[in-house]
2 protein chains.
Amino acid sequence: MGRRRQSVTIKHVAADAGVSLQTVSRVINNEPNVRPAMKAKVQASIDKLGYVPSIAARRMSGSRSYLILAINDRDRTIADWQARDGRDWVDQMLLGGMLTAAERGYRMIFELVDTHSDHVERELGAAIAALQPDGVIVTPPHSENPQITGFLAESGIPFARIGSTEEGPGIRMTMGDELLAGKATDHLIELGHTRIGFIAGPDEYSLAGWRVDGWREAMENAELDCEGLLEKGDFSFESGLPAARALLDRATPPTAIIASSDQMALATLDVAKERGLRVPQDLSIVSFDNTPVVRFCTPALTALDQPIARTAARAVELLIDLRNNGIPEAPVVVEGELIVRGSTARAPSERKN
Amino acid sequence: MGRRRQSVTIKHVAADAGVSLQTVSRVINNEPNVRPAMKAKVQASIDKLGYVPSIAARRMSGSRSYLILAINDRDRTIADWQARDGRDWVDQMLLGGMLTAAERGYRMIFELVDTHSDHVERELGAAIAALQPDGVIVTPPHSENPQITGFLAESGIPFARIGSTEEGPGIRMTMGDELLAGKATDHLIELGHTRIGFIAGPDEYSLAGWRVDGWREAMENAELDCEGLLEKGDFSFESGLPAARALLDRATPPTAIIASSDQMALATLDVAKERGLRVPQDLSIVSFDNTPVVRFCTPALTALDQPIARTAARAVELLIDLRNNGIPEAPVVVEGELIVRGSTARAPSERKN
DNA sequence: CTCACGATTGATAACGTTCTCATTCAAATC
DNA sequence: GATTTGAATGAGAACGTTATCAATCGTGAG
């Protein structure tokens, strides 16, 4: 098995155009100080020969690898995958980031890393040493793991923290969770609901807290009481069941519930059926995810669409342009919207308050 | 922006262990003819320094890039993605392939390419030239596009054709579509159904034909008539509606329908509701996909689970081991299974045949 | 007309690894 | 004991690109 060679290299182009290697390099990198005539001549040779630069060689020689690394939590990703659901994060990250990266001549590579392992740094370090990416995208809960963010900061590789606004190194990005929760709450208030329950996600995720904040603020703005209307889950279907039951077991149960994940929203739907409650006539439900399942369950759920793909795309752009623009001071917000479907309706008329 | 250097290189290891570069190289590549004592000494230095080889440098020098390229159809992938559904192919390919590749020190990169464009070869060629992957995984309909398979064969890069068994270059892989369709049909026959409709996929996909074959064979084995029980769609929800209507509009409509995709199965479910048919009492439905939606619709659909992730994983393994094992003569079958849920039941008792 | 200066081009040395071939050394053969 | 063989190690070139610095070319100022 001999050495495998690139079919057309910069040398062939240089020879064909009758210029030096360096000039060809300048043209493909769109560098200044190349005369238009020269540029055209070189470009013609490139097109004629179908030359494409090797990213391996570029990495070897230059300061860029044209690779963006996206890391996700392995346990959660595999668990979601085996459950055959909720994989939208990975999926959307992939597509949003991949397409944007490809447009700029970059590639995105996914890496699954265990957040809760004591050798996160080693695992992540190995990936970085092997690939030498130009940027790293870190998703929750990695993005809030100081071991990981610290390691990345130390290694000097630019990175974007998605779902983390805490001061610190890296580009901070969110999907406006407070705003989203506020939108959902306002929607329900407009429909006349006054007792709006909220099922939160685990504390490990800052965004879980922001969502609660957004709900609480909207409630207080409307002078509504939050007392006893907050339950906690861990985003899973199973955790949603007791949370929904606790809310609906109250003496004056909520007429609407916002769940922090689609799985917990589906659990709420199940509990409603179990209690003989009609959705949306007796109980309105809003989900915080907008994965396919919430469209096809009955009724289709009103949901908050988190623009994960757009966020990933934006992260890729910011990382690529970092060398020119530097990192944004403030957190970058890529906001989503409320998609109204069949699970929310006017509040049932009250007999007593 | 200066040259970015790898922190620990093979040189550092060689210096630390007091051996030549080549010896270190032999150890990391697990080559023969290294004395155990020497190997241990070098390995100790590697561990001590935390050395990880650079894939860029390995590609530059050697015959391997440690990259596997997986290509998917861009149009279909983006369309599915925007529809916020049916993205399981990409998703499972990614996870199945990625995990297996990572175990072997490889990475998988996704590339979206337009099958129906006249410059497929250029697009694919650019990706290959840039990345120089050690293997390519090609999914339908790419895997049946002679432009693509021909180009790959010519370029000499090993590749796996998923969903294509036609003679030709590359590793041939299927998910046993005929067997799967047979399983579904047999399941319905066991439940007493005699008129079992089938909604096929587009001709562009060989596997669509195999599924029809599997259904037809099972029907014929049971001496049942297929006449007028076959309709065609294009895997989309919209195409499923007229197909399902055509089947149910017959004088003696089928009591069970197998749909070649989840979207078409959901369409069939909608048409049944529209006709006032109860599922599964009046009509049984089997889907050929097993994406999350079919679990959460009402009733949850009995479905065929296509082991896409396992297939992708197997493809990665075969491609990596190609240099030792060569390519398998016969098509590699990674078979899936039938998952029985609430959409299939005993056939309604017949008044007349 | 000469000089200086910026714009444009080129030559050469890296980058980190593997390939190829040469060398050493020990064991096996005659 | 000399010769052959094969295993174990090493030295240097090569891979395709960019960084660095040197050389050349115009062009406007003096």
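Below, each value reflects all heavy atoms present in this structure, side chains not excepted, and no hydrogens, waters or symmetry copies. Given the structure is predicted, the values throughout are model-derived calculations rather than measurements. In the text below, chain A, chain B and the rest are named by the order of the sequence lines, each starting its count at 1.
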Side-chain donor-acceptor pair present, A:H116, A:E204, cut-off under 3.5 Å: yes
Trace of the side chain to side chain contact (heavy atoms under 4.5 Å, CB included) decision for A:D134 with A:Y106: CA-CA 9 Å; A:D134 294 336; A:Y106 281 65; 3.4 Å; yes
Proximity to DNA chain D (any heavy atom under 4.0 Å), residues of residues 42-51 of chain B only: none
Rounded distance (Å) that lies between atom P of D:dG16 and atom CG of B:L131: 16 Å
What pairs of nitrogen or oxygen atoms, one from the protein and one from nucleotides 7-11 of chain D, lie under 3.5 Å apart?
| from | atom 1 | to | atom 2 | distance (Å) |
| --- | --- | --- | --- | --- |
| D:dA8 | OP2 | B:N33 | OD1 | 2.9 |
| D:dT9 | OP2 | B:R35 | N | 3.0 |
| D:dG10 | OP2 | B:S20 | N | 3.0 |
| D:dG10 | OP2 | B:S20 | OG | 3.1 |
| D:dG10 | OP2 | B:T23 | OG1 | 2.7 |
| D:dG10 | N7 | B:R26 | NH2 | 2.8 |

Contacts of A:R104 that satisfy salt bridge (Lys or Arg N to Asp or Glu O under 4.0 Å) - sequence neighbours left out: A:D321
Set of residues satisfying salt bridge (Lys or Arg N to Asp or Glu O under 4.0 Å) with respect to B:K48, sequence neighbours excluded: B:D16
Side chain to side chain donor-acceptor pair (under 3.5 Å) contacts touching residues 164-175 of chain A (sequence neighbours left out): A:R161-A:S164
B:S54 versus B:R59, side-chain donor and acceptor atoms under 3.5 Å: no
Whole-Å distance separating the CD atom of A:Q132 from the P atom of C:dG16: 8 Å
NZ or CZ of A:R107 within 45° of A:Y66 ring axis and under 6.0 Å: no
Between P of D:dT18 and NZ of A:K11, the distance in whole Å: 14 Å
Minimal non-hydrogen separation, B:G170 against B:I327, with atom names: O-CD1, 3.5 Å
Nearest-Å distance for atom pair OH/C1', residues A:Y66 and D:dT17: 10 Å
Flag, side chain of B:H142 to backbone of B:V113, donor-acceptor distance under 3.5 Å: yes
B:S65 vs B:I55, side chain to side chain contact (heavy atoms under 4.5 Å, CB included): CA-CA, chis, key distance, verdict: CA-CA 6 Å; B:S65 65; B:I55 72 164; over 6 Å; no
Distance-only polar pair, side chains of A:T115 and A:N145, donor-acceptor under 3.5 Å: no
D:dT18 OP1/OP2 closer than 4.0 Å to side-chain N/O of A:S25: yes
Distance in angstrom units between B:E31 CD and C:dC19 P, rounded: 7 Å
Separation of atom CZ in B:R58 from atom P in C:dT18, rounded to whole Å: 5 Å
Atom-pair distance (CD on A:Q6; C1' on D:dT17), nearest Å: 10 Å
d(CE, B:M60; P, D:dA13) in whole Å: 17 Å
Terminal axis angle for the helix from C:dC1-D:dG30 to C:dC30-D:dG1, five pairs an end, nearest 10 degrees: 50°
